[in-house]
**Q** 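The structure under discussion is supplied below as structure tokens; questions concerning it will follow.
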Protein chains: 2
Amino acid sequence: MSVRGSKVNGLMVTIRDVAKESGFSSTTVSIVLNNAPLARYIPAVTKKRIEKAAKKLGYRPNLFARSLRSKRSHTVGVMVFDMTDPYCTLILRGIENTLYQASYLPILTDVHNERSRFERYLEMLLDRRVEALIVLANWLFVDIDVLADLEKSSIPTAMIGRELKTDTISSVIVDNEMGAYAAVEHLHSLGHRKIAFIRGPKTLADSAPRWKGIRSFAKASELDLDPRLIVDLPESRDPISSFEAGYKLTEELIKQKRPFTALMAFDDMTAFGAIRALAKAGLRVPEHCSVVGFDDVAASSLYTPALTTVRQPMEAMGAMAVSIVVDGINSVQEKREVVAVHRKVAPELAVRESTRNLL
Amino acid sequence: MSVRGSKVNGLMVTIRDVAKESGFSSTTVSIVLNNAPLARYIPAVTKKRIEKAAKKLGYRPNLFARSLRSKRSHTVGVMVFDMTDPYCTLILRGIENTLYQASYLPILTDVHNERSRFERYLEMLLDRRVEALIVLANWLFVDIDVLADLEKSSIPTAMIGRELKTDTISSVIVDNEMGAYAAVEHLHSLGHRKIAFIRGPKTLADSAPRWKGIRSFAKASELDLDPRLIVDLPESRDPISSFEAGYKLTEELIKQKRPFTALMAFDDMTAFGAIRALAKAGLRVPEHCSVVGFDDVAASSLYTPALTTVRQPMEAMGAMAVSIVVDGINSVQEKREVVAVHRKVAPELAVRESTRNLL
DNA sequence: CAGCAGAGTGAAACCACTGTCAAGATCGGC
DNA sequence: GCCGATCTTGACAGTGGTTTCACTCTGCTG
């Protein structure tokens, strides 16, 4: 292994040291080591000598200096609104992995759903000249201001989990409508007709399209949507709270004595809460009631029963956001215009153990 | 709000622009805006004028230039060995939050448990002159090499989740022995005497001390440890796999027909697998068998039944690692010697629904 | 009234690298 | 032996800060 960071008595070795060692000027060294255009004129012997000297000294270019000159940081800012939301994990993995392949490094910030924190972090990231921004807008009321702040930043920006129509900020979202449609369809195909629904909070962007998908299936198949079996999650800034809300709402649904054989939850967390409530009431899943979630967070397949849910291709979505902004960076570099792109990816129904045929 | 990034026709405003605007030299501007020692000689009027000019132009210092001079990046490298491990999430949150308070920014890297990736990332981080390193060694066979690489880096480094005796790398771990002790003690106090154990893989550092804690309790209370009820997780680099292994091993334990009334799993993932296997065999938790895990990952409290487990104070551990390395950075800055510290934090038993009295 | 301390400020060096530009060397062709 | 083209290389300027050092100017002491 190369003698990493080999320093001469604590000092870093600079390009000048390599120049001295190799007998050429630092200009030539720079040209050779960066394989700059001019390098094609430099004879192989010279290159060899310089490379040997560089290796011998363990030379590593100082990225501060390089960045100062080139105005590039090779860094991308990632803003998450709440990292503890299990929804984030796989997306972050997708982001990380794709950035790695493109040789960018992520600076991760967690906004804790606080506006002040958002502003401070945004400032910090821009001060560091991140070349792009990826915003993971999970479980969030994105106000107009946030978007405006982001637009002002004038670097390629992609938002995951929030549909946008801007032409400055790209977006990657799942097709909520299609997912919800598929989920009810699944329940319907299993014979369920009395289905309870826990809808998302109205302030959450995902809520409406998911409900639309359900309504659209209901209409197409003449499924009756009983308004007394439809409840809404309260607004909250905390994704974990949807577990508790799911629990409480399901308790109330049960107490109502209005029978249902299946329950469709807004997301997996809510579904977990619902399952808990059903269990408390002596109702087994899926024997007495089928339950379906949305998202397919990591825990869903580990749950007992394993949760049937609508899978968001999270890793792919993260990767997609990265490739969008990397394209953006390249456009900026080549002084082409950056155009926002909006991707809506298809979810996939993951049928597991929490749903079954109505006997 | 300040006119962020206000640029004069696309160019950033530099300290010289502020100098020109205010009528002072860039030296004075620098002194004033940084409140450098010399600033005490500068009269308030001058300061006011300079500050006003800076604000008016929306001046933001170029951190590349600053870093180049000061040799500081205000950045900390965070290396995770597998981000998808739910064990990481809260620790990362703790790290992020504490770094934020100290005005450092994290660069997050996920090593995917691959040595080549580790090396490349380490190199990238050092090239960027991160001022410290926090390594989240979850579920990992840390070979000697990795440690050696880290030691060579000669920046303050803390490792979470792996006990070390080095005097160059700090460590933060949970007291595995104490945690395991508390867990068996809990089962014992509920009346359980026939307890099955799924131990961790031998190559994992946590395995031995946890088992030691169990043995030590067994000895103290004359609990009989039936070797036929003791099984080991296979070695694996994937934390999710412990779910499957937990499932399989529990299946085998059941098949053995050697009765047990409680099961202590190596970690929560394993416990989830065990619960699934028990359920498949028609055994309810906790009615027919109590189950206890270790870690208290986010999903544990959401599980049905909610999992009794040994809680690692993960957020605190992350925070602790940060304060250790920040102290280290300060020491380096003041040319004091950096001494590694080793913290072992006490876990806490979280008693929930998966364990109950033996009737 | 020389001398000196200290307040207030700026010129210039420096951090490490890249890119432009031009000069010198080499070569082929006439 | 001269000319233009093609190599090969290095001096130098520039990137945007910070810091050293020195200079000027008061005001005060001896």
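Here is the naming used below: chain letters follow the sequence lines, and residue numbers restart at 1 for every chain.
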**Q** Would you indicate whether B/Lys20, at its atom NZ, is surrounded by more than 12 heavy atoms from other residues, nucleotides or ligands within a distance under 6.0 Å?
**A** no

**Q** Here's a test of your reading of the structure: between B/Ile31 and B/Leu68, which maps to the more 5' nucleotide of DNA chain D?
**A** B/Leu68

**Q** According to a strict under-4.0 Å criterion, is B/Asn34 in side-chain N/O contact with OP1 or OP2 of D/dT18?
**A** yes

**Q** Nearest heavy atom decides the nucleotide; on that basis, is B/Ile42 or A/Ser70 closer to the 5' end of DNA chain C?
**A** B/Ile42

**Q** Hydrogens and angles aside, do B/Ser30 and B/Thr27 bring a side-chain donor and acceptor to less than 3.5 Å of each other?
**A** no

**Q** Under 4.0 Å between any heavy atoms, over every strand shown, what does A/Phe24 touch: base, sugar-phosphate, or nothing? Just pick one.
**A** sugar-phosphate

**Q** So, does the side chain of B/Arg40 form a donor-acceptor pair with the base of C/dA7 at under 3.5 Å?
**A** no

**Q** So does A/Arg343 have more than 12 non-hydrogen atoms from other groups sitting under 6.0 Å from CZ?
**A** no

**Q** Considering only D/dG17, D/dC12, D/dT19, which nucleotide approaches the side chain of A/Thr27 most closely?
**A** D/dC12

**Q** Can you tell me how far C1' of D/dT8 sits from CD1 of A/Ile50, to the nearest Å?
**A** 11 Å

**Q** Please step through salt bridge (Lys or Arg N to Asp or Glu O under 4.0 Å) for the pair A/Lys56 and A/Asp17, ending with a clear verdict.
**A** CA-CA 11 Å; A/Lys56 179 181 165 198; A/Asp17 297 326; over 6 Å; no

**Q** Which of the following nucleotides, C/dC15, C/dA7, D/dT9, is nearest to the side chain of B/Lys71?
**A** C/dC15

**Q** Whole Å only: how far is the CG atom of A/Leu33 from the C1' atom of C/dA16?
**A** 14 Å

**Q** Measuring to OP1 and OP2 of C/dA25, would you say a side-chain N or O of A/Tyr41 lies under 4.0 angstrom away?
**A** no

**Q** Does any N or O donor sit under 3.5 Å from an N or O acceptor when you compare the side chain of B/Arg69 with the base of D/dG16?
**A** no

**Q** Using Watson-Crick or G-U wobble pairs with both distances under 3.5 Å, give me DNA chain D in dot-bracket, 5' to 3', with [ ] for crossers and | for pairs to another strand.
**A** ||||||||||||||||||||||||||||||

**Q** Would you indicate what A/Thr46 reaches in the nucleic acid, counting non-hydrogen atoms under 4.0 angstrom: base, sugar-phosphate, or nothing?
**A** sugar-phosphate

**Q** Which of these nucleotides, C/dC17, D/dG17, D/dT15, is closest to any side-chain atom of B/Pro61?
**A** D/dG17

**Q** Select one nucleotide: of C/dT20, C/dT9, D/dG16, the one nearest the side-chain heavy atoms of A/Leu38.
**A** C/dT20

**Q** As an exercise, state the distance from CG of A/Asp110 to CG of B/Leu99, rounded to the nearest 0.5 Å.
**A** 12.0 Å

**Q** Answer yes or no: is there an ion pair linking B/Arg115 with B/Glu119, defined by an N-O contact shorter than 4.0 Å?
**A** yes

**Q** Using a cut-off of less than 4.0 Å, is there contact between a side-chain N or O of A/Tyr59 and OP1 or OP2 of C/dA16?
**A** no

**Q** Rounded to the nearest Å, what distance is computed from the CG atom of residue B/Asn62 to the P atom of nucleotide C/dC15?
**A** 18 Å

**Q** Can you tell me how far C1' of D/dG14 sits from CZ of B/Phe64, to the nearest Å?
**A** 16 Å

**Q** Atom CG of A/Asp127 and atom C1' of D/dG16: how far apart are they, to the nearest Å?
**A** 14 Å

**Q** Whether B/Arg120 engages the ring of A/Tyr100 as a cation-pi pair (distance to the six-membered ring centre under 6.0 angstrom, angle to the ring normal within 45°) should be assessed.
**A** yes

**Q** Respond yes when some side-chain nitrogen or oxygen of B/Ser30 is under 4.0 Å from OP1 or OP2 of D/dT18, and no when none is.
**A** yes

**Q** Quick one: OG1 on A/Thr109 to CZ on A/Phe81, what's the gap to the nearest 0.5 Å?
**A** 8.5 Å

**Q** Report the residue (A/Ala36 or B/Ser25) whose heavy-atom-nearest nucleotide on DNA chain C is the more 5′ of the two.
**A** B/Ser25

**Q** Once you round it to whole Å, what is the distance between P of D/dG16 and CG of B/Leu57?
**A** 15 Å

**Q** Give the rounded distance in Å between these two atoms: NE2 of B/His74 and C1' of D/dG17.
**A** 14 Å

**Q** Taking the six-membered ring of B/Phe24, is the NZ or CZ of B/Arg49 close enough (under 6.0 Å from the centre) and on axis enough (within 45°)?
**A** no

**Q** Please determine, for the side chain of A/Ile15, which listed nucleotide (D/dT18, D/dG16, C/dC17) has the closest atom?
**A** C/dC17

**Q** Can you find a donor-acceptor N/O pair under 3.5 angstrom joining the side chain of B/Arg66 to the base of D/dG16?
**A** no

**Q** Measure NZ/B/Lys20 against P/C/dG10 and give the value in whole Å, please.
**A** 14 Å

